[in-house]
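Reviewing the structure listed below.
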Number of protein chains: 2
Amino acid sequence: MSMSAKEAILAAAKDAAKAYGYGGLNFRDIAATVGIKAASIHYHFPSKADLGEAVAKRYWEDTAVELEAISAASPDPMQALHRYPEIFRTSLANDNRICLGSFMAAEYDELPEAVRKEVQSFADVNVAWLSKRLTEASIVRAENSEDRARAIYAAVAGAQIVARSRADIALFDQLIDSYRIAGLLPA
Amino acid sequence: MSMSAKEAILAAAKDAAKAYGYGGLNFRDIAATVGIKAASIHYHFPSKADLGEAVAKRYWEDTAVELEAISAASPDPMQALHRYPEIFRTSLANDNRICLGSFMAAEYDELPEAVRKEVQSFADVNVAWLSKRLTEASIVRAENSEDRARAIYAAVAGAQIVARSRADIALFDQLIDSYRIAGLLPA
DNA sequence: GCAGATCTATCTATCACATGGCAGATAGGC
DNA sequence: GCCTATCTGCCATGTGATAGATAGATCTGC
């Protein structure tokens, strides 16, 4: 069951990271969640940086899968775009957690380089997916789609952090609505 | 010079908070910056929560002054709105710091209630100012101006954190441009 | 006007606690 | 007998906080 222990550690760490960030990750709490001792985690992940890197990598991989699921279930790019904010909404709904990309901004200085790189991949995955849908939907000209995609990603991330700091998911929904009314997101 | 010591502590703490957040505030570093011993800070601010509260309060007060300065210098609300992102851009330009409002989202769980309240005031000040300009400029109907103001605040905050996590202020400018093109911000 | 009391602002020294990490022992399977 | 996976026990570091001492300013009563 060695793989399942490693997976369990990763899952617990991912949960903790979405709630407290990289700095908030600590071996003792993760160990307690998994049901092992703190020192045992070092066997699977030699250092905290290694653990953080693995968490961040797994995180964007999972997100990529979720995004593909959305575009598979909604072949109409317009409808896929409409569902995009769900990704961020789910974190909030799940115990007021936020995405690692936002934690990264706060913790930028103390993040090991390898962790930074993986978290940036999260943004890249989002932007690439958005860019593709925007082009498919002919919302913007292809050469501008990446700029718009980045703007949408940043704005939705902003809505998530603002909503979190009020612990108010309805505020998130309202912000997304406002983005649609203003024209940032397709209505 | 008692007042100046207190002010010096507050200034050092404000700087540190914009760089590392509330969790990153620590008595020893602040004391070293000011040139006193860590224990002496407790004389002026009994606990870390008290210091954090004072920092956050001072922070939104300063921001309110900056915003008033913008609207005083630019009586045309359209022009004042154009200058709004400056507030967030300056933090980035100043050693890649970000606003306390964004840190708050990351640190929500560990923030003392009094600190939370003061940081929320920062958002309130921004939204109130934006709402007023939007109404003056007749960009949105008065009854919708607060919703739009909130959307702008969230989006600009999002641009700031995305730019910080790439340590790339040009990205911030580009995101703001995209918001204008998309119609979220007046062109 | 001045001595003694009190207040202000700082210091030194220390505490309790949490953290990441490591060394070495141990049990079980191959 | 070796490899895997875990354990116990420990350490160095950094944290916020407190107690108690001290030097200097300021106030108070005679």
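The analysis underlying the following values was restricted to heavy atoms, covering all of them including side chains, and did not include hydrogens, waters or symmetry mates. Each chain gets a letter, A, B and so on, in the order its sequence line appears, and its residues count up from 1.
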Side chain of B/E146, backbone of B/A128: donor and acceptor closer than 3.5 Å?
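Judged by distance alone, no pair lies under 3.5 Å.
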
Taking all non-hydrogen atoms of both residues, which atom of A/S131 and which atom of A/S145 are closest, and how far apart?
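Result for this residue pair: OG-OG, 2.8 Å.
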
Do you know which two heavy atoms are closest between B/A182 and A/L184, and how far apart they sit?
CB-CD1, 3.7 Å

When the distance from [atom1] of [X] to [atom2] of [N] is rounded to whole Å, what number comes out?
{"X": "A/K48", "N": "C/dT19", "atom1": "NZ", "atom2": "P", "answer": "9 Å"}
{"X": "A/E110", "N": "D/dG14", "atom1": "CD", "atom2": "P", "answer": "14 Å"}
{"X": "A/L51", "N": "C/dG21", "atom1": "CG", "atom2": "C1'", "answer": "14 Å"}
{"X": "B/Y20", "N": "D/dT15", "atom1": "OH", "atom2": "P", "answer": "12 Å"}

Please determine whether side chain to side chain contact (heavy atoms under 4.5 Å, CB included) holds for the pair A/K6 and A/I41, giving the CA-CA distance in whole Å, both sets of side-chain angles, and the decisive distance to 0.1 Å.
CA-CA 8 Å; A/K6 190 166 186 174; A/I41 298 177; over 6 Å; no

Would you jot down, in residue-number order, the residues of residues 36-43 of chain A having a non-hydrogen atom under 4.0 Å from DNA chain D?
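Output list: A/I36, A/K37, A/A39, A/S40, A/Y43.
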
Quick one: is the NZ or CZ of A/R133 closer than 6.0 Å to the six-membered ring centre of A/W129, and within 45° of its axis?
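So A/R133 does make the cation-pi contact.
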
Here's one to test your reading of the geometry: is the NZ or CZ of B/R116 within 45 degrees of the ring axis of B/Y108 and under 6.0 Å from its centre?
yes

I want to know whether B/F103 and B/Y22 have ring centres closer than 6.0 Å.
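No, too far apart.
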
Go through the steps to decide whether A/K18 and A/C99 satisfy the test side chain to side chain contact (heavy atoms under 4.5 Å, CB included), and finish with yes or no.
CA-CA 6 Å; A/K18 282 203 277 188; A/C99 80; over 6 Å; no

By a strict heavy-atom criterion of less than 4.0 Å, which residues belonging to residues 22-30 of chain A are in contact with DNA chain C?
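A/L25, A/N26, A/F27, A/R28, in order of number.
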
